[in-house]
Amino acid sequence: MMKKIGAWLAIAIASFMMIGPGALSASADDNSLQKVKETGVLKVATSPDYPPFESQTTVNGKTEDVGLDIEVAKQIAKDLGVKLKILNMDFGSVLAAIQTGKADIAIAGLSVTDERKQSVDFSKNYYTGGQTFLINKKDLQKYPTAKKLHGQKIGTQTGSLQNNLAQKYFDDSTVSNMDKTADLIFALENGKVDAVGIEKPVAQAYVAHNKKLAMIDAGYPNDSVESGKAVAAAKGSTSLINAVNQSIDKIQKNHWTDKYLKEAGKYVDDNAEDTSMLRYWHYFYNGFLNTSLIAVLAVFFGILLGLLLVMMKLSAWKVLSWPATAYIEIVRGTPMMVQVLLVYFGLGTLINLPALTAGIIAVALNSGAYVAEIIRGGINSLDKGQTEAAQSIGFSKVDTMRFVILPQAFKNIWPSLGNEFISVLKESSIVSIIGVSDLIYQLNVVRADTYRAVAPIVVVMVIYFLMTFTLTRLLNHFERKMNHD
C-alpha cells in the first residue's frame with residue numbers, strides 16, 4: 001500500500017511541476033505532432049512484461065522488444081516518417097512518462113477508462129479482446145463459471161482495468177493487487193488467490209505453456225467495449241492522436257492485428273521452448289553490470305555530497321546549516337521510490353535525463369543524506385582535545401578538519417559506510433520502476449518471457465548474495481588494515 005501511495009505521490013508532484021504557462025499553452029496550441037516530426041523520433045513508453053502484447057526476446061544475440069503493441073508502434077512511426085524509440089519502464093509509470101514529456105505516446109496494453117481519460121488522451125481501439133479469469137485446472141469443477149468466484153480471493157494487476165472490473169462486479173470478493181502478472185500466477189499456483197483477472201490473449205499464452213492452469217470467461221457486461229486497447233498521449237495532443245488514429249485505421253483495414261498476434265505467439269513459443277536460466281545469462285549479466293555501476297557511482301557521489309552537507313550543517317552560519325538540515329530531513333523522511341520518480345519525471349520537464357542517469361542521481365542524492373549523518377556522528381565521537389591540540393600547533397580550522405578530524409572520523413565510521421554501500425547496492429533495485437535494466441528489471445523480464453515464477457528469483461538472489469558477500473569481505477580487509485595502521 002505504501003509503495004502504491006508513494007508512486008501516486010511522485011506522479012502527482014511530477015504532474016504539478018508541469019502546470020505553468022508552458023504546459024497551458026501546449027494544450028491550447030497543440031504542436032504534439034509537429035514536435036515528433038521535428039525531432040524525427042517517436043518515443044514510446046511501454047512495459048515489456050505482458051506477452052503477447054509486449055515482451056522481450058533474444059534475436060541474433062541481441063535483446064529486442066516484441067509483441068502486438070511493439071508492431072503497432074512500428075507502424076505508427078513508419079506512417080509518421082520518423083524513427084521509433086522504445087522506453088521500457090514499470091507499467092505504473094507509462095502514463096506519467098507521457099504526462100511529463102519523457103515519451104510521446106504510451107502503448108502498454110492500455111485500456112480506456114474514465115479515470116485515465118481525465119489525465120491523458122486516447123486513440124481509437126487498435127485491438128478488442130475479452131476478459132477472462134485464470135484458475136488452477138484442478139479447480140475447474142469448483143469454478144466452472146465466473147459466477148462461482150463470488151466471495152473468493154481474486155488477484156489483479158495494480159492499476160489495471162481488470163482491477164477496476166473485479167472491484168466493481170465482485171465487490172463481495174477479496175480483490176488483491178500485485179505489480180507483475182508473473183507474481184499473480186505464482187500466487188494462483190500456490191493457493192494465495194483462487195483466480196487471476198486477465199485479458200484473453202495473455203491468458204491463452206499462459207494456459208498454452210502451463211498445464212496446471214485453465215481459463216474461464218469473465219462474463220462482464222459490455223465486455224467487447226471494456227477490453228479494447230488504445231494508444232495514450234498527453235492531454236491536448238489532438239494532432240498526434242489524429243495521426244495515430246490514421247495508422248490504426250490502416251491496421252484494422254488490413255487486419256494486421258491478427259498477423260501481429262500470430263508473430264508475437266511465435267516469440268512466446270520460442271521463449272517457452274527453452275526456459276533454462278542459462279539461456280538468459282546475458283540478461284542477468286547486464287543487470288549485474290548496471291546494478292554495480294549504480295551502486296559504485298551513487299556511493300562515490302553520495303560521500304562527496306555527504307561531506308558537503310555535514311560541513312554545511314556544522315557551520316556556525318545558519319544560511320548554510322539550515323538548508324543542509326532541511327535537505328537531510330526531507331530525503332530521510334521520504335521513500336527512495338518517490339525520489340527516483342521525482343528525479344526522472346519531475347526533472348524531465350527541465351532536462352531530458354536517461355533512465356540510468358536519473359537512477360544514479362536519485363540514489364546518490366538519497367545516499368548523501370545518510371552519509372552526512374554517518375560522518376557527523378564520526379566527527380562528534382572524537383574528543384574535543386583533538387581540535388584544541390591541532391589549533392595549539394597552528395593548524396587552521398580547515399587544516400584541522402582535513403588532516404586531523406576527518407581521517408580519524410572515517411576510520412571510526414568505516415563499518416557504517418560499508419553498511420551504507422551494501423544498503424545502496426540492494427536498495428538501488430527500486431530504479432527498475434523507471435526502466436533501468438538492473439537485476440530486478442531483468443528478473444521481471446525473464447519471468448514474463450519464460451512463464452517461470454521462482455527460478456529467476458533464485459538466480460537474482462544468488463547474484464545479490466555473491467555481490468554483497470564479496471563486498472563485505474573487501475570492506476573487512478580494508479578495516480583490518482586501518483586498525484593495524
Side-chain angles (χ1 to χ4, degrees), residues 43-51 54-67 70 84-91 93-94 97 102-103 108 179-180 182-183 267-268 270-272 274-300 337 340 343-344 353-364 421-422 424-471:
K43 295 177 290 185
V44 178
T46 191
S47 179
D49 55 5
Y50 200 52
E54 52 266 333
S55 61
Q56 290 185 331
T57 191
T58 302
V59 179
N60 297 325
K62 296 182 179 180
T63 301
E64 289 190 11
D65 295 286
V66 296
I70 304 302
L84 176 65
K85 183 177 181 180
I86 300 293
L87 302 176
N88 291 318
M89 60 191 66
D90 190 85
F91 177 74
S93 301
V94 294
K102 302 298 293 186
D179 290 336
K180 302 297 179 183
D183 293 327
Y267 289 116
V268 171
D270 291 342
N271 289 339
D274 181 7
T275 59
S276 67
M277 294 299 99
L278 286 176
R279 179 188 177 189
Y280 292 88
W281 69 268
H282 59 286
Y283 285 71
F284 297 118
Y285 177 69
N286 291 335
F288 162 77
L289 292 180
N290 283 333
T291 296
S292 301
L293 178 64
I294 294 169
V296 171
L297 293 180
V299 168
F300 175 76
M337 184 181 70
V340 170
V343 169
Y344 184 59
L353 290 174
L356 180 60
T357 303
I360 293 172
I361 292 174
V363 178
F421 197 169
I422 293 173
V424 168
L425 182 65
K426 295 183 292 185
E427 293 175 1
S428 63
S429 61
I430 199 67
V431 299
S432 62
I433 195 173
I434 59 173
V436 178
S437 54
D438 69 333
L439 277 169
I440 299 301
Y441 177 90
Q442 301 291 12
L443 160 68
N444 290 323
V445 170
V446 174
R447 294 175 75 197
D449 287 352
T450 62
Y451 297 95
R452 298 182 67 181
V454 179
I457 296 177
V458 174
V459 172
V460 170
M461 284 183 64
V462 171
I463 294 174
Y464 267 116
F465 172 76
L466 292 176
M467 292 172 69
T468 55
F469 181 82
T470 303
L471 179 59

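Predicted model only: the values in this text are computed from it and were never measured. In this chain, residues are counted from 1 in sequence order.
- The shortest heavy-atom contact between Ser432 and Ser429 is OG-O, 3.0 Å.
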Check: Is there a side chain to side chain contact (heavy atoms under 4.5 Å, CB included) between Thr63 and His282 once you walk through the steps?
Finding: CA-CA 9 Å; Thr63 301; His282 59 286; 3.9 Å; yes

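- The distance from atom CG of Leu297 to atom OG of Ser292, rounded to the nearest 0.5 Å, is 10.5 Å.
- For Phe421, there are no ring pair (Phe, Tyr, Trp, His ring centres under 6.0 Å) partners, not counting sequence neighbours.
- With sequence neighbours left out, Val454 forms a side-chain contact (heavy atoms from CB on, under 4.5 Å) with Phe186, Val458.
- Rounding to the nearest 0.5 angstrom, the gap separating the CD1 atom in Ile457 from the CG atom in Asn444 is 8.5 Å.
- Residues Gly359 and Ile434 come closest through the heavy atom pair N-CD1, 4.2 Å.
- For the pair Asn88/Tyr441, a side-chain contact is recorded, criterion being any heavy-atom separation below 4.5 Å from C-beta on.
- Considering only residues two or more places apart in sequence or on other chains, Lys180 meets the salt bridge (charged side-chain N to carboxylate O under 4.0 Å, His left out) condition with Asp49, Asp90.
- Listed by chain and residue number, Phe53 satisfy the ring pair (Phe, Tyr, Trp, His ring centres under 6.0 Å) test with Tyr50 (two or more places apart in sequence, or in another chain).
- Residues meeting the side-chain contact (heavy atoms from CB on, under 4.5 Å) test with Asn290, sequence neighbours left out: Leu356, Ser437.
- The shortest non-hydrogen separation linking Leu353 to Tyr344 is O-CE1, 3.5 Å.
- Here the side chains of Phe91 and Asp179 are not in contact, with every heavy-atom distance at 4.5 Å or above.
- Side-chain contact between Val459 and Val462 is absent, with no heavy atoms from C-beta onward closer than 4.5 Å.
- Among residues two or more places apart in sequence or in another chain, the side-chain contact (heavy atoms from CB on, under 4.5 Å) test is passed with Thr291 by Leu425, Ser428, Asp438, Leu439, Tyr464, Met467.
- Put simply, CG on Leu443 and OH on Tyr283 are 13.0 Å apart, with the number rounded to the nearest 0.5 Å.
- Between the side chain of Ser93 and the backbone N or O of Ile433 there is at least one donor-acceptor pair closer than 3.5 Å.
- With rounding to the nearest 0.5 angstrom, the CD1 atom of Ile463 is 8.5 Å from the CZ atom of Phe288.
- The CD1 atom of Ile86 sits 6.5 Å away from the OG1 atom of Thr46 when rounded to the nearest 0.5 Å.
- Contacts of Phe469 classified as ring pair (Phe, Tyr, Trp, His ring centres under 6.0 Å), with partners at least two apart in sequence or in another chain: Phe465.
- From Leu84, atom CG reaches atom CD1 of Ile70 across 7.5 Å, with rounding to the nearest 0.5 Å.
- The shortest side-chain heavy-atom distance between Gln442 and Val460 does not fall under the 4.5 Å cut-off.
- Closest approach of Gln56 to Pro48, counting heavy atoms only: CG-CB, 3.8 Å.
- Annotation: side-chain contact (heavy atoms from CB on, under 4.5 Å) contacts of Ala45 (sequence neighbours excluded): Met89, Val94, Ala97, Ala103, Ala106.
- Contact detail for Pro456 and Val446: the closest heavy-atom pair is CG-CG1, 3.8 Å.
- The salt bridge (charged side-chain N to carboxylate O under 4.0 Å, His left out) test applied to Asp183 returns Arg447, not counting sequence neighbours.
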